[in-house]
Structure formats: structure tokens, C-alpha cells
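Step one of this worksheet: look at the structure below.
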Protein chains: 2
Amino acid sequence: MTDDGPRPVKTTKTSLALARAVRDSGGATLSDLADRLDLAKSTVHNHLHTLVDEGFLVRDGDTYHVGLQFLPFSEHARNRNPLYSTARQRVYSLAEETGNEADFIVEENGRAYTLEYAIGESTARGLSESSPFRAGNRFHMHNCASGKAMLALLSDERVREILDRWGLPATTAHTITDEATLFDELETIRRQGYATNDEELIDGYRSIGAAVTGPDDAVVGAFSVGGPAYRLAIDDSSTREIAQLLLDEIDALESELPV
Amino acid sequence: MTDDGPRPVKTTKTSLALARAVRDSGGATLSDLADRLDLAKSTVHNHLHTLVDEGFLVRDGDTYHVGLQFLPFSEHARNRNPLYSTARQRVYSLAEETGNEADFIVEENGRAYTLEYAIGESTARGLSESSPFRAGNRFHMHNCASGKAMLALLSDERVREILDRWGLPATTAHTITDEATLFDELETIRRQGYATNDEELIDGYRSIGAAVTGPDDAVVGAFSVGGPAYRLAIDDSSTREIAQLLLDEIDALESELPV
DNA sequence: CCAGTTGTTCACGCATTTCGAACGACATGC
DNA sequence: GCATGTCGTTCGAAATGCGTGAACAACTGG
């Protein structure tokens, strides 16, 4: 719960908090939620019923689940920018070409959202079930390759704004937690045109990312390709190869777009 | 705004109504929303700020858009049932094999939600931008093939419950608007094992659908394949061919699942 | 059969939301 | 360049409407 400018609508916030709790617990009961959020059962009862009525939650016996009503909204957001749809399709070819994991990520409100994700050479359509990178996941900007690639193209001012709001939490021993170090890194990224992530998010996971910019040079999103550290050696020629692949793909995308 | 059993949380409802209005208008300004929902500007102001703070809306200049915060929820719902993920992958093969449009649909709260959609032989990954069948869209059960296929497997009681809640609105001249006619149709569907939709949803669009049932014989969802009427002649051998393809696919899916 | 759950209902009192009017910022008009 | 029209924002005041807790019903398991 961050600071919220004017008068926040507390009621809405608790409703949303409930929805979040239901999601994060993967199905919860009324009393369960009541004492998790420290609310009266009757309060929770009313909120849950409203959310069910609206379709945002589903009741199955006595446990509540996330409803499909979120889908019309998320798909709307996901396709709002026509570039998103185009970019999402490229994720699959990137995954296949490299045989690794690929995703397309977008910045919103200082956080990175995965819009599309695929694994190469594995399951049919590359839909993995339990990957930390599934579509819809949210990351901090400073500890993933795509995030850093995007930060590198934003104004220092905006970067600072983001860091102030979300901080630099560490998820591994390699996460950059120092502002100055991050700015140095961003400089390097700008120079070489792509970003790398060397186990900064997840132990044993490396990735390479590059940002996509729109006709007005504003950053729209970023692609990244990643995999287990033993397969993606940093500073290797293979890294540069993948980076080049990314950059080519992005060039093609960008030149295709400018309507 | 349907009736809501106990005491609805009005505040949450207006917040959600705002989000919906933003989505349906594809970006709206504060005052725009204020007089569309007949609320004071200051009220709208507070709601919008809370929603932005939570990430469910995004502010771009003075217009608000749907935010990506819906994504973590919808993807959660979309993958909750492991069968969903598996089924979604089949949609692509169905689309390619038939060269038509294919989708996988699920019933929730009496409405049909498209979980996955693809077009055969067209664009790379079959992601269409402006189809009425895109993932995340919501239909009534009575005027689409998948919907009818699912209704046919529900108890008469539950069917009536759904009809009571959502009615039988007509979208074309062929839509079934009479309850008795619908029940006759459901009987036919049960007999032949699949459902057809002959321009009942959209003029010039036909489709064939069949339901998927879980280990406990409960209906989980339905596949459908559809296309322009001139290509899919009803009562033709080609219809039965597609229906057979669907049923085979579903058989394979069902036998693969029962863990 | 009683002591645990569970979710549900209800009346009350206070916190919250709602409203409306006034403000500043910006653009467009004459 | 002044006036008028937007736009979003702020604030005080009023009452609506939310939150609470206790009492209820329906089940479950000891």
C-alpha cells in the first residue's frame, strides 16, 4: 500500500486486497480471508458477494477463486497497442530459434509485466505451466534484462522516480541494490545496445534483453531470451549471437510498424 | 447491475463500473466518465486515482486506459484448471487442421468466456486483432455453438437458472429466443454429440462445437470451429467431418487427463 | 449429542464516501 | 489580450453507506 495522492477509496482497496488474497492463496474461504486481512467476517462476506456478482470471483462450494471477468480487461490492455500484438507473435519465433525461453515485457507504472512468454523446443505451443516467467507476471525493473534494457532508454529523472517508488529489492546475491551501480550499468547497456542479467533475478538463470522503441523513440517494451546459466555463458560469443538475433528481430519489428 | 443477494458494496461497484466504462470506451477522460455514470467529478477523481494507484488503470495525459494489473489475475484464472492450459494448446492445431477459426470456451456464472482463439492458415501465430472471438470475450450461452454444447450437458434446472439470469437476447434473426425451442435443440445436441450454430450469433458466421467433460462427467469447457457461412455448409458432410475432428480431439484430451 | 467449524443475517454507530462549489491551469474563442 | 470554455484538482460539510460484533443456522467431527 503505497501513498496515494488525494483521498483513496478505502472500500475499493479492501475489495481489491481481497481479490489479491484469493489469487495469491489459490483459492480461499471466507473466514480464511477474514483473519488474513483482519476484517470482520460480515465485511468480507459482503465484499466477496459483490465480487462474485460482478464475476471477478467465483465461488466453488465454500472456497473462492479468481473469476474470468478479469480476462476481458487484461486482453483489452494486452492488445491496446497494436505493437503489442505484433511483438507477442515474435516471442514464439525467438523461443524456437534460440531453443531457450523468450518473452516480451512492457513497462507500466514502473513495473515490468510479461505480455507473452514461450519456451523453445519443449511443449507444443510453448505454454509452460509453472514457470516464474509466465505471461501476466510482474517484476521489478532493475533485476531483469528487459527491465534494465528499458530503464536504459528512460530519462534519469524517470528512472529515479521508479526507483523511489519501488526500490531495489534483492532476490539473489547478484541483484544490483545500489543506485550508482545501476546507473553505471545503464550506461553500459546504452553503449552495447542490449542488457544482460547474470543471476540477478533467480539463481542459475541468465538472460539477454533489448528494448523496442516506437516511432517517437519512446520505449514500448523489451524482448528477452534466457535460460539456465550453464547454457548461456555471459561474455561469450553465444551471448552476442543471441543479442544480435534480438536486435535484428527488433529492427524488423520497428521498421514494419511506423505506419 | 443484477440483483445481488445480501448487501452489495456500492463503492466497489462504482469503481468497477468505472473500470468497465474505461475499457468499453477504449480510453476516457475524467469528466467524460463523470457524466456518463452520472457521478460528481470529485467522486470519479478519487476512484480513478485509487485504481491507478493499484495499477488497474493507467493515466496517459488526461485520458485513462485499462492497466496491466488485470493480467496477473486473468492468467491465474486461465491456468487454474490444468485442463485449461492443455485445451488451449489444442486450439492452435484445430485451427490449422481445419483452416478455420477455432476457440476454447469455458462457462462461468452462466456466461461463456473465450480462453483461447486462433485462425488457421492466416497470420503467423493466429493472433487476430479485431475478431469478435478474441480471447477474453464473453458470450451468452444460447447463441454460440460451444455454449449450446455445454448447456446440453448441464441439468435442466441449471440451464433454467442461467436463462433466468441472462435471458435469451437475439443478435441475429436466427437466434433462438424461445425457451422451449432451446430445450428441443439441446436434446438434438445430446443425441448427435455436437452442436451447430447457424448464423445465430453473427450473420454469415457458422460454427460447430463440442463440450469437454472432466473425469467426474462435469462439463469443463467446449471447443468450436467456425467460419464464414459460404465455407461451412450445415448438414453437409464437411460439417460432420469437422465435428468428428472435434470429438476425436476431445477424446484424446479426456483420456490424457484423468490423472 | 455437544463443541467445534462453516457462512449468513441484522441493527447500530461511526467512518467514508459523496457532493458541490470554488480554484488553478490550459486552450480556444472573439 | 481578455474572456469563456474546457480540463483536473482541492476542500468542507452532510449523510449515505460501510464496518463491526453478536446472534443465527447449517454442518462436521469428536
Side-chain angles (χ1 to χ4, degrees), chain A residues 1-23 25-67 108-109 161 165, chain B residues 1-23 25-67 108-109 161 165:
Chain A
M1 300 262 173
T2 54
D3 184 40
D4 186 18
R7 305 190 205 179
V9 184
K10 276 183 74 175
T11 309
T12 302
K13 287 221 169 201
T14 56
S15 274
L16 296 175
L18 276 167
R20 222 173 319 164
V22 167
R23 182 197 58 187
S25 60
T29 78
L30 192 151
S31 357
D32 197 4
L33 295 163
D35 53 58
R36 187 180 316 199
L37 297 194
D38 205 44
L39 293 168
K41 282 196 297 178
S42 51
T43 307
V44 178
H45 180 251
N46 289 338
H47 279 267
L48 291 182
H49 269 265
T50 347
L51 288 171
V52 167
D53 182 63
E54 295 274 344
F56 289 97
L57 291 181
V58 190
R59 181 171 180 175
D60 177 36
D62 272 345
T63 64
Y64 292 84
H65 292 280
V66 177
E108 199 175 277
N109 235 310
E161 198 180 306
R165 160 125 204 215
Chain B
M1 303 260 175
T2 55
D3 184 40
D4 185 18
R7 309 195 200 177
V9 184
K10 276 183 74 174
T11 309
T12 302
K13 287 222 168 202
T14 56
S15 273
L16 297 175
L18 276 168
R20 221 172 321 164
V22 168
R23 181 197 57 186
S25 60
T29 76
L30 192 150
S31 357
D32 197 2
L33 295 163
D35 53 57
R36 186 181 317 199
L37 298 193
D38 205 42
L39 293 168
K41 281 196 298 178
S42 51
T43 307
V44 177
H45 180 251
N46 290 337
H47 280 267
L48 291 181
H49 268 264
T50 347
L51 288 171
V52 167
D53 182 62
E54 296 275 343
F56 290 97
L57 291 181
V58 190
R59 181 171 179 174
D60 177 36
D62 272 344
T63 65
Y64 292 84
H65 292 280
V66 177
E108 200 175 275
N109 234 311
E161 199 180 307
R165 161 126 204 215

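Order of the sequence lines fixes the chain letters, A, B, ..., with proteins taken first and strands second; residue numbering starts at 1 for each chain.
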Could you go through nucleotides 21-26 of chain D and list every protein N or O atom that sits under 3.5 Å from one of its N or O atoms, giving the distance for each pair?
from, atom 1, to, atom 2, distance (Å)
dG21(D), O6, S42(A), OG, 2.6

Polar atom pairs (N or O), protein with nucleotides 28-30 of chain D, under 3.5 Å:
none

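Atom-to-atom, NZ of K13(B) to C1' of dC18(D) comes out at 15 Å; the value is rounded to the nearest Å. Look at CG on D60(B): it is 17 Å from P on dC7(D), rounded to the nearest Å. Computed from coordinates, the H45(B) NE2 to dT9(D) C1' distance equals 5 Å when rounded to whole Å. Atom CG in D62(B) sits about 11 Å away from atom P in dC26(C), given to the nearest Å. One can place NE2 of H49(B) at 13 Å from P of dC11(D), the figure rounded to the nearest angstrom. Atom CG of L48(B) is separated from atom P of dC7(D) by 14 Å (rounded to the nearest Å). At whole-Å resolution of the value, CG in L33(A) and P in dG19(D) are 15 Å apart. Remark: P of dG7(C) and CG of N46(A) are 14 Å apart, rounded to the nearest angstrom.
Here R59(A) reaches the OP1 or OP2 of dT8(C): one of its side-chain N or O atoms lies under 4.0 Å away. For dT17(C), the OP1/OP2 oxygens have no side-chain nitrogen or oxygen of H47(B) closer than 4.0 Å.
Taking the ring-ring contact (aromatic ring centres under 6.0 Å, His included) definition, one finds that Y64(A) meets it with nothing, sequence neighbours left out. Scanning for side chain to side chain donor-acceptor pair (under 3.5 Å) contacts around T12(B) gives S15(A), with sequence neighbours left out.
Between N109(B) and R165(B), the shortest heavy-atom contact is OD1-NH1, 3.5 Å. Minimum interatomic distance between H47(B) and T11(B) (heavy atoms only, all atoms of both residues): CE1-O, 3.5 Å. The minimum heavy-atom distance linking E54(B) with L16(A) is given by the pair CG-CD1, 3.8 Å.
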task = Starting from the C-alpha separation in whole Å, work towards a yes-or-no answer on side chain to side chain contact (heavy atoms under 4.5 Å, CB included) for T14(A) and L37(A).
result = CA-CA 9 Å; T14(A) 56; L37(A) 297 194; over 6 Å; no

task = Please test H65(B) against E108(A) for side chain to side chain contact (heavy atoms under 4.5 Å, CB included), starting from the C-alpha separation and ending with a verdict.
result = CA-CA 11 Å; H65(B) 292 280; E108(A) 199 175 277; over 6 Å; no

key: From CA spacing to verdict: side chain to side chain contact (heavy atoms under 4.5 Å, CB included), H49(A), H45(A)   = CA-CA 6 Å; H49(A) 269 265; H45(A) 180 251; 3.2 Å; yes

Name each donor-acceptor pair under 3.5 Å that joins a side chain in residues 25-33 of chain B to protein atoms two or more places apart or in another chain, with its distance.
from, atom 1, to, atom 2, distance (Å)
S25(B), OG, A21(B), O, 2.8
S25(B), OG, V22(B), O, 3.3
T29(B), OG1, D32(B), N, 3.2

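Between D32(A) and T12(A), it is D32(A) whose nearest contact on DNA chain C lies nearer the 5' terminus. Where L30(A) and T11(A) each meet DNA chain C at their nearest nucleotide, the meeting point lying more 5' is that of L30(A).
The nucleotide whose nearest atom lies closest to any side-chain atom of T14(A) is, among dG8(D), dG19(D), dG7(C), dG19(D). Side-chain proximity of S31(B) to the nucleotides dT8(C), dT16(C), dC7(D) is greatest for dC7(D). Residue L39(A) has its side chain nearest to dT20(D) when only dT20(D), dT17(C), dT8(C) are considered. Here the nucleotide nearest the side chain of Y64(A), chosen from dT8(C), dT17(C), dT10(D), is dT8(C).
To the nearest 0.5 Å, atoms CG (L51(A)) and NZ (K13(B)) are separated by 9.5 Å. To the nearest 0.5 Å, atom CG of residue L39(B) and atom CG of residue N46(B) are 11.0 Å apart.
Salt bridge absent: K10(B) and D53(A) never bring a charged side-chain N and a carboxylate O closer than 4.0 Å.
Comparing the helix axis at one end of the helix from dG7(C)-dC24(D) to dC23(C)-dG8(D) with that at the other, each defined from 5 consecutive pairs, gives an inter-axis angle of 60° (nearest 10°).
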